[in-house]
Amino acid sequence: MTLIFIIKRMTYDFNKIEKKWQDYWAKNQTFKAENKSEKPKFYVLDMFPYPSGAGLHVGHPLGYIASDIYARYKRHQGFNVLHPQGYDSFGLPAEQYAIQTGQHPAVTTAENIKTYRRQLDQIGFSFDWSREVRTSDPSYYKWTQWIFIQLFNSWYNNDSNKAEDISTLEKLFASEGNSKVNAVCDADIMSFSAEDWNAFDSKKQQQILLQYRLTYLAETEVNWCPALGTVLANDEIVNGVSERGGHPVIRKKMTQWSMRISAYAERLLQGLDKIDWTDSLKESQRNWIGKSVGASVVFPILSFPGGEEKAGSQNRAGYMTGGNNSHLLLERARDMRAKPTLAEAALWEQLRNKNLDSKFRQQHLIGDFIVDFVCLSKKLIVEVDGKIHESQLEEDAKRTEILENDYYKVVRFTNEEVLGNIENVLEKIQNELAHRECHKSDSRKSEQIPPSGVRGIKVFTTRPDTIFGVSFMTLAPEHELVSQITTPAQKGDVEAYILATAKRSERDRMADVKTISGAFTGAYAEHPFTKQPIPVWIGDYVLAGYGTGAVMSVPCGDQRDYDFAKHFNIPIPNIFSPLTPKGGTEDSLNLIETEAFTEKAGFVLKNSDFLNGLDYKEATKKAIQELEKLGQGEGKTNYRLRDAVFSRQRYWGEPFPVYYDETGMPQMIDKKFLPIELPEVEKYLPTETGEPPLGNAKEWHWLQYGDDAKIVSKEAFESSSPSGRLGGALELNTMPGWAGSSWYFNRYMDPGNTEAFASKEALDYWKDVDLYIGGSEHATGHLLYSRFWQKFLFDKGVVPVDEYAKKLINQGMILGTSAFVYRFSWMVMSNPDKGFDILDPKMPYFFITKSKYEKIKEGNAEETKKTKDFFLNTLNEIFPDSEISLGGEISMQLNPTHVDVSFVNSSDELNIEQFKNWREYYSNAKFISEDDGTFKVKREVEKMSKSKYNVVNPDQICIDYGADSLRLYEMFLGPLEQYKPWNTAGITGVHNFLKKLWKLYHQGENGAFYVTSSSPSGRLGGAVSPPSEGLGEALKTLHKTIKKVQEDIENFSFNTSVSTFMIAVNELTAQKCTSKDILEPLLVLLSPYAPHIAEELWSQLGHNESISTAAFPIFDASHLVESSKNYPISFNGKMRFTLELPMDFDAKQIEEAVMANEKTQEQLAGRTPKKVIIVPGKIVNIVG
RNA sequence: GCUCAAGUGGCGGAAUUGGUAGACGCGCCGGAUUCAAAAUCCGGUUCUUCGGAGUGCGGGUUCGAUUCCCGCCUUGAGUACCA
């Protein structure tokens, strides 16, 4: 017996249903995730949205719908699902708006968030809103500031290969100096001993530590836009001017906070292998990190302008230092050596020849100074001051300070002291020497110093195996050696070239990579092995910013070197011996006749001394070994990844928890005082003195006595008591947009925590994101920086995993379908006496429908004439008093103009009335329509954007079709990761599907709910027919659907499951299925996609609880077993007909049946098949 | 230039390990219902000279290729002389 229950007549009132269930979910906190649960966890995350003023357009929810389907599916699977949402609410647009309107960004941001929230709610997402975070909320950015402090208090230890607390570094410095420390740090670090360190004052120590910290202050060259008063990122500059406003941009050096992300380059690269992210995304991160393995090689410089340096001597390094103008100073030093003062001569007599056991040099160049005497190994400078120094005490003091900064000690004596009591002077010097540790100039540290002076030209190469192919060196024009080594004869050429390069803008240099240019410096370097001189050139194909800014040019193995050599007639020695397929070499074949041979295989080396006969791998290894023996090179890995600038001259961002003390050193504010809240300012522009907007804050000085601290005005700070006082001016920059988004996924685990950014329990439970969905445009920004922070936090033991997202999917963009109308006009000529004003407001705009436009474009004379007549007649009607004539046909103007897509229907017909009302100046527009009276527009797919009038807002779609239709349709459009145009026309398809679905459950009289139950103890009681009786076809449909939908969700192929649902409903409708056994599980399948209608029908089935955690139906293959198969019968691979045969036929039986069939004989037309391929259960293919 | 992704009807797209190419939907065409329209329902819809041909183009492997291999073309994205 079958029980029938009829509830009441209902139509699919989606607006009412959707509102009802959205309210229900909110009221019952249906999607709240628990931090303690017996269930397995699953974390589904969407990329943080920026709440823009324009609100959501239909492209935004695409990824959210996909992740929501997955989250809901996982709930049906029995997981405790964390699916949070929040806002990356600091950012430029709100600030720009504040600048224009004076409205506080916090106010506009809050309004925008409200709109976003309303729009998100109406789509029915299963977010746990109790965990919402906003980056601009002080309770959130408190922890962003805290992480910044952790970075400041850390350094990267290459030996332990992780970040460590800065205190461990201080201990090392105090006990052994820095020579053995293997840290990631600034490039220009001087070595010091433990004694030096302990003798340094606090400021000096802090300056040194800053060179090791993971976030540090440094002078960085930035893109400065004076008009906007801020630094711009590279992608904010378009064609050399600012993207916003088109203002000029200049290169400027500024002191900024930087993040030492380069410390993590290798781990960021290696980590990619552990995570399931899209290949293209990993690929762009790999490119960005840009690892290249090779060697660094030093080429000594053979000739200096003065000729006083000779190449080849081993103890050259450290012999002399000097800045860019050293060659000028050197001449002066020589002069002074020749004409010493009496006192100098006397002292030199005593110091020379190692009378004091230390080697001294006289009139030597240190940095940009010529000092009287210096002991390089002990870094002791002895100055003998004549009368003249009394008048320049200040300059001397400054000079002393600079030298001391380089760890030199300066002792001064007067002429009188030296001449009067030279014994005393020598004793003092001896004393100093005894207290100073010996400085080895060739320590590991000094190798990190960029090449300068006689150290030679340091290059990085990925092909050390080709070192015998070097025929010249090329330096970047900006290289600091250029001015030092250029010979007088070449000076003119070189300077002219440098000037010409400097003039060329970045853009010119980029656009014009084909032109080869350069200049010879006149200098020669020495080949490390052959000791042959190699000419040194400069060329702008070598970039100052990469590697060492210099290359060893191997024209036979590098195309750019090859082109350069050809252009300047530099020899191209060949070192490649091509391999034949048999393994021998074939030297008659010249690999480099027309271009460089850049392959790393298929050759052995020749003309390469000890590398002869070796291949790429062997030779690379051998070359590095030999270079290391000579001390002129070593194996080296280079990364393109640069440290990230972390300061922005902006208001609407996180303030730094930093003040500058009286010595000007940055100090972190203690954790207990966080957050440092963003101050109020009167205007959001830079100050008159060019300081960032925070410079406008009246109170922005830190004033702290012990546990008491407050932010006060400059005056209040200066008048406060200095005793026990901490504090100073607060940092004026704010953090960049990526600060808050680099760790938010951790905050969602425990967003309300006030003691930590998340509790250990929460972090250990949720661990990482299982599924992360977002746009690929963040590939090298957010997604790289956030991995860096996560690894850092992992090193510090704060988070349990070092990769925060196991799987990441990129959703494609939904593009707009822009509409264009064609405007046309002719050149108008009128009689001067009876003229009319072309700017007369009565002068209308003329538009022509698409097909006629196309005819005219093709040169259709008739259509052109008609259009012309229409134009002229219309004008004559409007201006009856004028005599108007037109220019020739050639002067006809046809311009496509964007028109708002809301005026255009799905058949591309323009609503002329709406269009006329759109703009005042269109109100009297004239139209040439199609012959049937419609006016058609041209369509084109473009990015969705306000300025293209092609934005489609989800609000209206929800009103017209409902959120379930929108969700299904966005998924139905195509594969998630693909870019695809939005076309509202198709939404009726999925909407009809939902109506059909509704009908399937409402097959009662007058559309009443009607479901038959066969369950003996069903919820509504009653009896009883054997389960599944007579449901064969329906069960097959159901289980086919279960299988497909489950596979689809797990493969993120959401578009195909929508088709599957349609097929299922079509089939069940055809079967007139009313069985609860079928229709109930079907709802669970559908619920992730169309949750509102699923909830409604679920409750109509008699359930009192939400469908959201109902168990996902289990696929049972037995329902799909077929007894026969409709075999496709192919002839030579082409399917000609099908044949129904029993499933249990074996190959032989199939062949007999097929060959016996008359259609087979017809196809064969008397031929005998050569071969019959039979795959039982699949196909039959007859060949012949 | 390099790297990655993608090219299938009028359109969005499907074909999951090589096995019936064009599922599903839109649009279009025809029909039913209606005084009429909307809505709904039913049927058709790759091209075709009715033999066949056909998944960007040209080759190859295979009994069989949208799927695998080689070469090319086009489009989109990222990157910009990376030594």
Side-chain angles (χ1 to χ4, degrees), chain A residues 234 278-288 290-292 294 459-463 466 474 476 506 509-516 539-543 545-554 557-561 563-564 638-640 776-777 779-780 810 812-813 815 817 906-907 939 968-969 972-975 977-993 995-996 999 1044 1047-1048 1050-1051 1053 1055-1063 1066 1126-1138 1169-1175 1177-1184:
Chain A
N234 282 330
T278 57
D279 287 338
S280 64
L281 202 147
K282 287 190 192 181
E283 195 57 36
S284 35
Q285 292 212 348
R286 284 194 190 105
N287 279 342
W288 197 259
K291 179 179 183 175
S292 36
V459 300
F460 174 73
T461 175
T462 54
R463 295 294 302 274
T466 63
T474 316
E506 288 260 316
R509 276 172 80 164
M510 252 152 64
D512 182 25
V513 293
K514 295 260 149 55
T515 311
I516 295 155
D540 68 0
Y541 79 97
V542 178
L543 304 177
Y546 184 77
T548 61
V551 299
M552 61 175 224
S553 302
V554 184
D558 182 283
Q559 194 56 46
R560 288 157 309 164
D561 294 343
D563 296 339
F564 195 88
N638 222 24
Y639 299 92
R640 197 168 68 110
S776 56
E777 65 272 24
T780 50
N810 286 131
M813 200 183 285
L815 305 168
T817 315
S906 56
S907 308
R939 291 287 199 164
L968 283 171
Y969 186 56
F972 187 62
L973 275 176
E977 66 281 3
Q978 229 164 70
Y979 280 56
K980 56 225 154 199
W982 179 262
N983 179 359
T984 316
I987 199 166
T988 54
V990 291
H991 187 67
N992 281 341
F993 155 72
K995 285 202 271 192
K996 245 175 159 172
K999 269 194 189 159
K1044 177 83 174 130
E1047 281 170 4
D1048 283 348
E1050 280 163 11
N1051 292 317
S1053 172
N1055 53 329
T1056 48
S1057 18
V1058 180
S1059 306
T1060 307
F1061 289 131
M1062 291 174 171
I1063 294 166
N1066 287 346
N1126 199 18
Y1127 279 94
I1129 313 299
S1130 303
F1131 294 81
N1132 298 320
K1134 280 275 167 200
M1135 204 279 287
R1136 292 306 174 204
F1137 62 90
T1138 60
K1170 288 187 190 125
K1171 203 170 173 187
V1172 180
I1173 311 284
I1174 291 166
V1175 184
K1178 290 246 159 142
I1179 53 108
V1180 176
N1181 189 17
I1182 297 165
V1183 187

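Chain naming here is simple, since letters A, B, ... match the order of the sequence lines and numbering starts at 1 in each.
- Using P as the reference atom, B/rG31 and B/rA36 are 14 Å apart when rounded to the nearest Å.
- Minimum heavy-atom separation, A/Gly549 to A/Val542: O-CG1, 3.5 Å.
- The distance from atom CZ of A/Arg560 to atom OH of A/Tyr541, rounded to the nearest 0.5 Å, is 7.0 Å.
- Residue A/Asp561 contributes atom CG, which lies 13 Å from atom C1' of B/rC82 at whole-angstrom precision.
- B/rG9 and B/rC24: their C1' atoms are spaced 14 Å apart (whole Å).
- Residue A/Ser280 is classed as a sugar-phosphate contact, given heavy-atom separations below 4.0 Å to backbone atoms only.
- The listed nucleotides are B/rU20, B/rA14, B/rA83; the one nearest the side chain of A/Pro975 is B/rA14.
- The side chain of A/Asn992 sits closest to B/rC26 out of B/rU79, B/rA21, B/rC26.
- Checked against B/rC63, B/rA15, B/rG78, the side chain of A/Thr1056 finds its nearest nucleotide in B/rA15.
- When each of A/Pro1128 and A/Val1058 is assigned the nucleotide of RNA chain B bearing its nearest heavy atom, the one mapping closer to the 5' terminus is A/Pro1128.
- Ion pairing between A/Lys1044 and A/Glu1047 fails under the 4.0 Å rule for side-chain N and carboxylate O.
- Residues passing the salt bridge (charged side-chain N to carboxylate O under 4.0 Å, His left out) test with A/Asp561, sequence neighbours excluded: none.
- If you check B/rG12, B/rU16, B/rC41 against the side chain of A/Lys1044, the one that comes closest is B/rU16.
- Atom CG of A/Asp279 is surrounded by 12 or fewer heavy atoms from other residues, nucleotides or ligands within 6.0 Å.
- When atom types are taken as modelled, the side chain of A/Thr817 and the backbone of A/Trp982 share a donor-acceptor pair closer than 3.5 angstrom.
- For A/Arg463 and B/rC82, the CZ to C1' distance is 15 Å, given to the nearest whole Å.
- Distance A/Ile1173 CD1 to B/rG18 C1': 13 Å, rounded to the nearest Å.
- With B/rC63, B/rC81, B/rA14 as the candidates, the nucleotide lying closest to the side chain of A/Tyr541 is B/rC81.
- Not a single donor-acceptor pair under 3.5 Å links the side chain of A/Asp558 to the backbone N or O of A/Val554.
- Picking from B/rA21, B/rC81, B/rG25 the nucleotide with the shortest atom distance to the side chain of A/Phe972 gives B/rG25.
- In this structure, B/rG51 is classed as syn because its glycosidic torsion stays within 90° of zero.
- Look at the C1' atom in both B/rG76 and B/rA32: the space between them is 46 Å, to the nearest Å.
- Going from atom CG of A/Asn983 over to atom C1' of B/rG25 covers 11 Å, rounded to whole Å.
- Whole-Å rounding puts the A/Phe1137 CZ to B/rU20 P distance at 16 Å.
- With both ends at atom P, the span from B/rC72 to B/rG1 equals 12 Å, rounded to whole Å.
- A/Thr988 comes within 4.0 angstrom of the backbone, heavy atoms only, and of no base.
- A/Arg640 has no side-chain polar atom (N or O) that falls below the 4.0 Å cut-off from OP1 or OP2 of B/rU79.
- Side-chain N/O atoms of A/Asn1066 include one lying less than 4.0 angstrom from OP1 or OP2 on B/rG25.
- No donor-acceptor pair closer than 3.5 Å links the side chain of A/Lys1171 to the backbone N or O of A/Asn1181.
- The NZ atom of A/Lys1178 sits 16 Å away from the C1' atom of B/rC63 (whole-angstrom rounding).
- Take the nearest nucleotide of RNA chain B for A/Lys999 and for A/Ile1182: the residue whose nucleotide is more 5' is A/Lys999.
- With a glycosidic angle further than 90° from 0, B/rG13 counts as anti.
- Summarising the geometry of A/Pro1128 relative to A/Thr1138, their closest heavy-atom pair is CA-CG2, 4.1 Å, with the distance given to 0.1 Å.
- Distances shown here put every side-chain N or O of A/Ser284 at or beyond 4.0 Å from the OP1 or OP2 atom of B/rU79.
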- [ ] Determine, for nucleotides 44-54 of chain B in 5'-to-3' order, which nucleotides have protein heavy atoms under 4.0 Å from the base (write B), from only the sugar-phosphate (write S), or from neither (write -).
- [x] ---------SB
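- Of all heavy-atom pairs between A/Val1175 and A/Tyr1127, the closest is O-CE2, 4.1 Å.
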Task: Which nucleotides of RNA chain B pair, in dot-bracket form (Watson-Crick or G-U under 3.5 Å, | meaning another strand) - done: (((((((..(((......[....)))((((((.......))))))((....))..(((((..]....))))))))))))....
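- Taking the side chain of A/Glu283 as heavy atoms from C-beta on, and the options B/rA23, B/rC81, B/rC4, the nearest nucleotide is B/rC4.
- Here, B/rG54 and B/rU66 have their P atoms 10 Å apart, quoted to the whole Å.
- In terms of heavy atoms, A/Met552 sits closest to A/Val459 at N-CG1, 3.7 Å.
- The two residues A/Tyr969 and A/Val990 have their closest heavy-atom pair at CB-CG2, 3.6 Å.
- In this entry the distance linking CD1 of A/Ile1179 with C1' of B/rG64 reads 7 Å, nearest Å.
- As judged by a 4.0 angstrom heavy-atom cut-off over every strand, A/Asn1055 is placed among residues touching the sugar-phosphate backbone only.
- As judged by a 4.0 angstrom heavy-atom cut-off over every strand, A/Ser1130 is placed among residues making no nucleic acid contact.
- Taking every heavy atom of both residues into account, A/Ser1059 and A/Phe972 meet most closely at OG-CE1, 3.7 Å.
- For B/rG12 and B/rG18, the C1' atoms lie 27 Å apart once the distance is rounded to whole Å.
- Nucleotides B/rG13 and B/rU17, compared at atom C1', are 23 Å apart to the nearest Å.
- Look at A/Lys980 and you won't find any side-chain N or O under 4.0 angstrom from OP1 or OP2 of B/rG12.
- Rounding to whole angstrom units, CG of residue A/Leu815 and C1' of B/rC11 are separated by 15 Å.
- Between A/Gln978 and B/rA5 there is no side-chain polar atom (N or O) within less than 4.0 angstrom of OP1 or OP2.
- Taking the C1' atom of each, B/rA23 and B/rU74 are spaced 28 Å apart, rounded to whole Å.
- Within the 4.0 angstrom heavy-atom criterion, base atoms lie near A/Asn1181.
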